[in-house]
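First the structure, which I've put down as structure tokens, then a few questions once you've had a look.
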Amino acid sequence: MSLLFFYFFATMLVLSGLVVILAQNPLYNVLSLVVATFCLSNLFLLLEAYFVGIILLLVYAGAVLIFFLFVVMCLNLNNPSAFQNQNRFKISGWLLGSCFLASFFLTTKSYLLTRSLEPSSIRGTIEAIGKILFTEYVLPFELTSFLLLVATFGIVSLAQGSLKSR
Amino acid sequence: MFPIIDWNILSLEVSITAILVGLIVIDIAQPKGNSSRLVPTLSFLALGALILFWLFNGAVFGTTFNGMFVSDSLSWDFKGFFLMAMNFILTMTQQYFKTSGDRLDSFYYLLWLALLGACLLASSGDFLVLFIALEILTISLYVMTAYLKSDKLSLEAGMKYLILGALSSAFFLFGISFIYGVTHSTRFEIIKGYVDFHGMDPMMLFASILVLSAIGFKIASVPFQQWVPDVYQGAPTPVTALLSVVSKAAGFIMLIRLFFGVFNAWHIQWETVLAVLSAITMCYGNLGAMFQTNIKRLLGYSSIGHAGYLLMGAAAGSTLGASAINFYLLGYLFTNLAAFLVIVLFYNAAKSDDISDYAGLAKRSGSLAIALLLALVSLAGIPPLAGFFGKFTLLMAAVKSNLIWLALIAAVNIVISTYYYLRVVKTIYVDQPRVTTPIAVSFPVQLVIGFAITGIVVIGICQGPFLEIAMRSVNNMAFLATYVSQ
């Protein structure tokens, strides 16, 4: 049964991912990104990584992407012709992308043929993640506070008025 | 289990954090009005104290946080490198923003945060710590690049740097996720153990190519060099200097740590890849620099060229190659920062970065002209300056590893580069000045210029002790692969 769900959500994920890059209307791009995030979070739930799944749903689909949607609607990007004049990058983009995909497939296939993957012994509940985060991974966890500090300074200094004339 | 923490190992990072917090608190606590002087002055004092600490306290080697934080010869020497670079960059910042108002304090905070990120990056023993340190460094650079909000070029530069940087971070994370998937760990020690045991593994190879692409972005090597000219030109000059020295050195630490240590079991494959990248990078940089009219853009292309030379040391794959990278970076620090310091001072007087406006600089300010002359000549690699001996060791490393074709290409490139560096020198010394007002340079700034010149000359003339430091820092590096030849 869970295998069935896996294939369903995986297919949906790939399809909605394609819509994200192929759709002409920015509104559809963002909406399909929401769908993609939803499918991804379901895949995490199937892997018993509950915390990551819920966070993906809450933070990305719930907050970030809805914010995106607001911006897109506020900017009123109804005129798709603005995005059309980038054809010269299209071919090289597809070429690079398919090269990347091919090498990805080949490496993953050879890897999966030689050894089997077993699921992680740690369940992805909030309790388990919290325990690991505050013991084994306490250094990276604390270091992210500097990342937030940089972001704060960045936003404050960029949002303030411009420097007096240089 | 909670990790055992040895705070002595973290002393430098803890001090930087304390300084940062102290600066913020003092800045908030002081009465309004006299704000613009205090933070820069205190930053200078604190940096001086840190440099003294670095020089005289001696390193505490070891690992802590279960091996996530590593203090070894390589990281300790590079931390000294960053502190030294910061000394110049603070001087530049102080000069560059001389006339601007009070929004400057957060610029200093971001500089300190960038320093912290760079120091953490040098010491990371885990991919997660490495990634977070890299992001602390890079995100503060994004913000500082776009700092001149009224300047369109600065905004454009910040935007370009942000988008391409985010892409490279995504590659890096994707690579790390593969490595985690294969080895079930992000710790360098465990990954190295896996690689030594299992050897060639397509999945790890794929992952390490992704990681290499992120490093390539940081050091500005082909094919991730597109951002360099625009960002170098648009960013405020102190930030350009930071990008060209600290950010590049950070990339090379990652390169040495990962490709001479963690991933080194496949050196045979890497040699060709890095050698080809190196050749293309140096050709691109040097050919691109030939026709530039803006000096910051010229130095941007030249920094791509230098990334190419430096990659030659990585392609050599020997400890000699890695030490040559270290030695070259040390010379490059004094050389490049001297050049950027002159650019800042000249901009303050002339409000221009065009090479044609540098005409007759020698008649307007002797010390600036000599500093720029020595910097450019050293970048070109003319003896007896630092750049010459650095290039010499890199070429020697390449020849010793049987990469004679690469050494030949590098030699041709060095000849090409002489053309555009000397073209600027000619403008400074031979051409007639359009404006003849002398440029006044205050005494403390002259001291800093003098220090940079001393560095360029001393490293060039008595290379021995510096080369020894460079060798020692590689030979005693943590995770150094046993495969690496002398």
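First the proteins, then the strands, lettered A, B, ... as listed; each starts at 1.
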Contact residues of residues 134-142 of chain A (partner chain B; heavy-atom separation under 4.5 angstrom): F134(A), T135(A), E136(A), Y137(A), V138(A), L139(A), P140(A)
Chi angles and distances behind the side chain to side chain contact (heavy atoms under 4.5 Å, CB included) call for Y347(B), T237(B): CA-CA 9 Å; Y347(B) 185 90; T237(B) 314; 5.6 Å; no
Audit row: S177(B), F127(B), side chain to side chain contact (heavy atoms under 4.5 Å, CB included) steps and yes/no: CA-CA 10 Å; S177(B) 73; F127(B) 267 114; over 6 Å; no
Between S43(B) and Y109(B): side-chain donor-acceptor atoms closer than 3.5 Å: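 No.
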Salt bridge (charged side-chain N to carboxylate O under 4.0 Å, His left out) evaluation trace for K160(B) with E156(B): CA-CA 6 Å; K160(B) 270 190 185 156; E156(B) 183 197 332; 2.9 Å; yes
Spacing of CG belonging to L45(A) relative to CZ belonging to F5(A), to within rounding of 0.5 Å: 11.5 Å
Among I132(A), L143(A), T144(A), I155(A), residue most engaged with chain B (heavy-atom pairs, under 4.5 Å):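 Of the candidates given, the most pairs with chain B belong to L143(A).
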F178(B), part contacting chain A, at a heavy-atom distance under 4.5 Å: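 Just the side chain, heavy atoms under 4.5 Å.
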L130(B) portion near chain A, given a 4.5 angstrom heavy-atom threshold: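 Neither part; nothing is under 4.5 Å.
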Nearest-0.5 Å distance, CG of residue L128(B) to CZ of residue R187(B):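 Those atoms lie 9.0 Å apart.
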Rounded distance [0.5 Å steps], CD1 in I163(B) versus OG in S168(B):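 The distance works out to 13.0 Å.
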Interatomic distance, F104(A) atom CZ to T107(A) atom OG1 [nearest 0.5 angstrom]: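 OG1 of T107(A) is found 6.5 Å from CZ of F104(A).
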Per-residue contacts, residues 133-143 of chain B versus chain A, heavy atoms under 4.5 Å: E135(B), I136(B), I139(B), S140(B), V143(B)
Spatial distance of atom CG (L155(B)) from atom NZ (K152(B)) [nearest 0.5 Å]: 9.5 Å
Distance flag, aromatic centroids of F100(A) and F206(B), threshold under 6.0 Å: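 Ring centres of F100(A) and F206(B) closer than 6.0 Å.
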Aromatic plane relationship, Y147(B) with F97(B) - under 30° parallel, 30 to 60° tilted, over 60° perpendicular: perpendicular
Interchain contact, L210(B) with chain A, by part (heavy-atom threshold 4.5 Å):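 Side chain of L210(B) only, per the 4.5 Å heavy-atom cut-off to chain A.
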CG/L101(A): more than 12 non-hydrogen atoms of other groups inside 6.0 Å: yes
From CA spacing to verdict: side chain to side chain contact (heavy atoms under 4.5 Å, CB included), L56(A), L40(A): CA-CA 8 Å; L56(A) 256 182; L40(A) 195 63; 3.9 Å; yes
Residues from residues 110-125 of chain B approaching chain A under 4.5 Å (heavy atoms):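 Heavy-atom contacts from residues 110-125 of chain B to chain A are L110(B), L113(B), L116(B), L120(B).
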Straight-line distance of N348(B) CG to Y96(B) OH, nearest 0.5 Å: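 Reported value, rounded in 0.5 Å steps: 8.5 Å.
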Atom CZ of F68(A): over 12 foreign heavy atoms under 6.0 Å: no
More than 12 heavy atoms from other groups under 6.0 Å of CD on Q233(B):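 Enclosed.
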L148(B) versus S154(B), closest heavy-atom pair with distance: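 Result for this residue pair: N-OG, 3.4 Å.
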Pair F107(B)-V239(B), side chain to side chain contact (heavy atoms under 4.5 Å, CB included): steps then yes or no: CA-CA 10 Å; F107(B) 193 86; V239(B) 183; 3.6 Å; yes
Residue-level contacts of residues 6-22 of chain B with chain A, using a heavy-atom cutoff under 4.5 Å: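 Residues T17(B), L20(B) are the ones that qualify, each having a heavy atom under 4.5 Å from chain A.
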